[in-house]
Amino acid sequence: GSGWDYATSGVLLATVFSGLLAAVPRPENAVVTIGKGALLGTAMSFVVSFWALPRVDGFLLLMVATLPMFVVLGALLSRPKTTLLGFGVGVGGIAVINGVNVLGYQPVVFLDSALGQLMGILAVWGMFNIIPGLSGSGWLRHRQIVKLRRQVVVAAQAPLDGLRNRFESISRDLLLQIVAGTPSDSNVSAELLAMSLSVHGVGRGLIELRRHLAREDVSARWQHLLAPLIADWAQLYQEPGQAAWNRVSEGLESAIAVLRTEHDRDPGAVQLLLADLYYLRVELYDDESLLIRHVELLQSLPNGWFHAT
C-alpha cells in the first residue's frame, strides 16, 4: 500500500460521485462546482474545529460555534442554482469536522483527511474530461428521437390490450429523460420537449381511435375506411417526409368527408370517430404541435437510426 490512510476516503468519494453525476448534463462542470464547495467547506470546518471549538464548553456553546456553518450550508442547499455548491460544502465541511466528545487538536490529520477527499473530487473531474458523458450528447438525442418515433408506430400497430397504460408509461419516462438530460432553457431541450408532447398527443389520439373502432357497436365498414389512415400515421413516423405527411393529410380529410355524409345513418359511431379525427387533425395542422416543423427533423435522421435500438 501507499501508507496514506486517508486515501481510501478519496477513492470512496470518487466512486460515489462518478455514479451520481454520470447522468447529469456536463458532469465535469458539476464536479467543478462541488469542488469549489468542498474547498469552502474545508476552510470553514478548519476554522470551526481549531479556532471556535477549543474555546467553547458545553452543548449550547457548541451549537453557537457551529451554527454559522450550518446556516451557510442550509442557505446554499435551499436554492437550485447553488445546490451543488452546498453539496460540496457539506462534503468538505461536515464530513471532516472534528465533532467528538474528546477534542483532539490535530491539524495534520484534519488536512490529511480533507486532502484525500479533494483528491477524489479531482479524480472524478479528470475522468469526466477524459471520458465524455452520454447525457446531452448527440448520440443520446438521436436515440431519444428514435424512441419517440417508435411510440407512434406502437400506438398504431400494437395490440390494444394494455396499450394505453404502456404508452403513457414509456412516454412519461422519455419526457423525464429529456428534461434531465438536456440543459434547461436550451433550443435542444425546447425541440425535444415539443416533439415529445406532439408524439404523446398523436399516440393517444391513435389509441383512442383504434379503441373506438374495436367497439361492437361500430360498423366494420368504418374499420376498413380508417385502417389505411392509421397505417399512414405509423408510416409518417417510421419513414418521415413530406410525401408521408401529405398522405396523412389527404387521408384524414377524405375520411372526415365520408363520415360527415354518413352522420345521419349512424350518428353514434360517426360522432365518436369524428371527434377522434378532429383531434388528430389539430395535431397535424396546428402550429403549436410543431409536427410540420418536426418532419424535417425526423427526416434528417438516417434510416438506420430507427432500427438501431
Side-chain angles (χ1 to χ4, degrees), residues 2 4-51 66-99 107-144 175-193:
S2 64
W4 187 12
D5 294 336
Y6 291 95
T8 54
S9 62
V11 175
L12 178 62
L13 205 61
T15 304
V16 172
F17 280 172
S18 61
L20 288 177
L21 301 177
V24 305
R26 300 189 64 83
E28 66 277 7
N29 292 346
V31 175
V32 170
T33 304
I34 293 175
K36 293 177 180 178
L39 286 173
L40 177 60
T42 300
M44 294 172 62
S45 180
F46 186 87
V47 172
V48 171
S49 297
F50 302 111
W51 183 81
T66 56
L67 182 62
M69 189 170 73
F70 284 103
V71 170
V72 172
L73 177 61
L76 292 174
L77 291 175
S78 65
R79 301 180 181 182
K81 291 184 178 181
T82 58
T83 299
L84 289 177
L85 190 65
F87 185 58
V89 170
V91 171
I94 306 302
V96 297
I97 193 170
N98 192 11
V108 174
V109 174
F110 176 92
L111 293 175
D112 199 21
S113 175
L115 181 61
Q117 295 193 3
L118 293 175
M119 289 297 291
I121 296 175
L122 182 62
V124 176
W125 175 81
M127 181 194 69
F128 282 128
N129 277 277
I130 296 173
I131 307 174
L134 292 177
S135 182
S137 64
W139 179 87
L140 183 60
R141 287 196 297 271
H142 281 188
R143 188 175 180 85
Q144 289 170 337
L175 182 62
L176 291 176
Q177 289 181 28
I178 291 170
V179 171
T182 55
S184 58
D185 301 327
S186 65
N187 292 334
V188 172
S189 177
E191 287 289 332
L192 287 176
L193 285 174

Working to the nearest 0.5 angstrom, can you tell me the gap between Thr83 OG1 and Ile34 CD1? 10.5 Å
Rounded distance [0.5 Å steps], CD in Gln117 versus CZ in Phe17: 8.5 Å
Which heavy atom of [X] sits nearest to which heavy atom of [Y], and what is that distance?
{"X": "Ile121", "Y": "Ala38", "value": "CD1-CB, 3.7 Å"}
{"X": "Gly120", "Y": "Ala14", "value": "O-CB, 3.6 Å"}
{"X": "Phe87", "Y": "Leu77", "value": "N-CD2, 3.6 Å"}
{"X": "Gly90", "Y": "Leu73", "value": "N-CD1, 3.6 Å"}
{"X": "Leu13", "Y": "Val91", "value": "CD2-CG1, 3.8 Å"}
{"X": "Ala30", "Y": "Leu84", "value": "CB-CD1, 3.7 Å"}

As a test of understanding, state which of Val72, Leu39, Thr66 forms a side-chain contact (heavy atoms from CB on, under 4.5 Å) with Met44. Val72
Can you tell if the side chain of Phe46 reaches within under 4.5 Å of the side chain of Leu111, non-hydrogen atoms only? yes
Has the side chain of Ser45 got a donor or acceptor atom that lies under 3.5 Å from a matching backbone atom of Gly41? no
